Amino acid sequence: MSRTGLLIIVGVSVLSLLGLVLLAIPKDRTGSGGTTIVEISPPVEPAPQAETQTPESRPNNSVLPRIRFQSPDEPAAPAAEPSIAEPPVEVAMEETPSNTAESPEVPVFPLPDLNASDEFVLEEIRGLINGATVASLLAEDQVIRKFVVLVENISRGDFPQTGLPYKALGQEMPVTTLDDNLFAMDAAAHSRFDSVVDTLVALDADASMALYRLLSPLFQQAYAEIGFRNSSFDETLERAINNVLDTSEIEGPYQLVKPSVMYLYADASIENLVDVHKQLIRFGPENTTKLKTKLQEFLDRL
């Protein structure tokens with residue numbers, strides 16, 4: 001083959017190869033002046049793996065984990081070392097006492113029916129120190145009911161003349177006749193109440209309160225019978241005691257009149273006092289002071 005023919009074959013081969021290369025390159029955009037600019041896209045990298053960040057890097061208003069992309073140059077996190085399970089630790093739990101646990105039983109004293117309570121009440125009073133003497137002064141029937149009526153009257157400032165929970169003294173009030181219609185109370189009139197007051201103030205306040213609490217359901221029942229179904233007898237007793245404590249001392253001598261069976265105070269300022277105050281005047285200043293002191297002890301425990 002001649003030299004000219006060989007050169008023709010080589011040229012055709014080079015042109016064919018260049019054509020194939022140009023056909024394989026995509027034409028993305030056109031440059032200025034009509035020149036085609038060829039851009040070669042970078043190879044597609046594998047999708048990065050998602051990694052959950054720690055709770056500190058999460059936004060406060062989102063409950064979803066944030067994603068961090070790991071750089072290819074960033075070294076991979078070391079594999080977590082396998083944890084060694086520690087043996088369980090036995091913890092001694094303190095037992096909480098349940099409601100069903102046995103507890104010391106509080107002795108319950110069954111109370112009798114109110115209609116049949118007199119013997120029970122008097123026997124309990126006799127069990128107190130000096131209680132036998134107190135029981136001998138009390139009425140023998142309807143003790144609870146009569147006591148409730150007396151307390152209710154005193155709570156209003158009144159003092160009943162009948163149906164009292166204690167026996168009558170059986171002594172007339174000693175007086176000195178000044179004229180046909182005017183009398184004066186003797187100083188000895190106060191001494192009629194000495195033994196009664198001394199007996200009452202000798203009672204132990206704590207023991208008396210304990211007995212009162214024991215009999216409280218009977219007092220409350222008797223109080224409801226006279227129309228106070230929604231009232232507390234404790235509060236009524238407190239008012240009665242305070243009415244006695246609030247009385248003031250009035251010095252004698254005390255002049256009396258007797259328009260009928262009973263003596264009345266000739267001084268209208270005394271006669272117009274509430275009945276409980278007038279009754280304390282008959283007790284005398286010394287007995288009244290003793291009685292008030294004892295009632296204050298009881299009130300402090302009520």
Side-chain angles (χ1 to χ4, degrees), residues 114-115 117-118 121-122 125 134-175 185 189-190 192-201 203 208 211-212 215-216 218-248 250 254 256-284 287-288 290-292 294-295 298-299 302:
L114 180 59
N115 293 326
S117 61
D118 289 325
V121 172
L122 292 174
I125 292 175
V134 174
S136 66
L137 300 175
L138 299 179
E140 297 177 353
D141 65 320
Q142 304 298 321
V143 179
I144 293 290
R145 287 189 172 102
K146 290 178 179 179
F147 179 78
V148 167
V149 171
L150 175 63
V151 169
E152 195 280 325
N153 274 265
I154 295 177
S155 71
R156 295 182 286 105
D158 295 336
F159 198 93
Q161 298 300 321
T162 59
L164 296 170
Y166 52 84
K167 298 174 183 177
L169 292 176
Q171 302 178 27
E172 292 290 336
M173 181 173 59
V175 297
M185 183 188 301
H190 303 321
R192 296 178 301 153
F193 300 94
D194 289 351
S195 61
V196 175
V197 173
D198 290 342
T199 299
L200 294 177
V201 299
L203 288 173
S208 300
L211 179 57
Y212 172 75
L215 301 176
S216 285
L218 296 179
F219 290 124
Q220 191 64 43
Q221 180 182 348
Y223 194 46
E225 285 183 352
I226 61 176
F228 299 93
R229 299 183 181 276
N230 299 320
S231 301
S232 168
F233 183 70
D234 282 359
E235 296 176 357
T236 303
L237 179 59
E238 183 177 351
R239 288 196 301 272
I241 294 176
N242 281 323
N243 279 347
V244 174
L245 297 178
D246 291 341
T247 57
S248 57
I250 298 178
Y254 311 104
L256 308 170
V257 294
K258 194 176 183 181
S260 58
V261 178
M262 299 180 59
Y263 287 104
L264 304 177
Y265 291 98
D267 188 340
S269 63
I270 299 178
E271 185 59 33
N272 291 332
L273 295 173
V274 294
D275 290 343
V276 65
H277 196 173
K278 291 187 290 184
Q279 184 64 36
L280 290 175
I281 293 176
R282 297 187 179 188
F283 281 8
N287 286 330
T288 298
K290 293 178 183 178
L291 188 61
K292 285 184 176 183
K294 196 65 180 182
L295 289 175
F298 193 80
L299 182 61
L302 187 56

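Predicted model, so just to flag it, every value in this text is computed and none were measured. Values below: all heavy atoms of this structure, side chains included; hydrogens, waters and symmetry mates excluded.
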Where do K292 and T247 land on the side-chain contact (heavy atoms from CB on, under 4.5 Å) test, with the steps shown first? CA-CA 10 Å; K292 285 184 176 183; T247 57; 3.1 Å; yes
Is a side-chain N or O of K290 found less than 3.5 angstrom from the main chain of L200, in a donor-acceptor match? no
Quick one: closest heavy-atom pair of L164 and A139, and the distance? O-CB, 4.1 Å
Sub-3.5 Å donor-acceptor pair from the side chain of E225 to the main-chain atoms of Q220, do we have one? no
Rounded to the nearest 0.5 Å, how far does CG of D141 lie from NZ of K146? 4.0 Å
Minimum side-chain heavy-atom gap F233-V151 below 4.5 Å: yes
Are side-chain heavy atoms of V121 and I125 found at a separation under 4.5 Å? yes
Minimal non-hydrogen separation, S136 against K167, with atom names: O-NZ, 3.2 Å
Might you point out which heavy atoms bring P165 and F147 nearest each other, and give the distance in Å? CB-N, 3.7 Å
Donor-acceptor pair, distance only, cut-off 3.5 Å: does the side chain of R192 make one with the backbone of Q171? yes
Side chains of M173 and V175, heavy atoms from C-beta outward: is any pair under 4.5 Å? yes
Taking the side chain as every heavy atom from C-beta outward, state whether D275 and N153 have any pair of such atoms under 4.5 Å apart. no
Quick one: does any side-chain atom of K294 pair with a main-chain N or O of V197 as donor and acceptor, under 3.5 Å? no
OG1 of T288 to CG of L295: how many Å apart, nearest 0.5 Å? 10.5 Å
Look up atom CG in D234 and atom CZ in R239, then write down how far apart they are to the nearest 0.5 Å. 11.0 Å
If you take all heavy atoms of D158 and R156, which pair is closest and at what distance? OD2-NH1, 2.7 Å
Out of curiosity, F219 CZ to L237 CG, how far, rounded to the nearest 0.5 Å? 8.5 Å
Could you go step by step and tell me if Y254 and I281 meet the side-chain contact (heavy atoms from CB on, under 4.5 Å) rule? CA-CA 9 Å; Y254 311 104; I281 293 176; 3.6 Å; yes
Nearest 0.5 Å please: distance from the NE2 atom of H277 over to the OG atom of S248. 4.0 Å
Decide yes or no for L273 and I250: does some side-chain heavy atom of the first lie under 4.5 Å from some side-chain heavy atom of the second? yes
Any side-chain heavy-atom pair from V257 and Y263 closer than 4.5 angstrom? no
Would you kindly say whether N287 and R282 are connected by a side-chain donor-acceptor distance under 3.5 Å? no
Compare all side-chain heavy atoms of V274 with those of N243 and state whether any distance is below 4.5 angstrom. no
Close side-chain approach of D118 and E140, heavy atoms under 4.5 Å: no
Measure the CZ-CZ distance between F283 and F193 for me, rounded to the nearest 0.5 Å. 5.0 Å
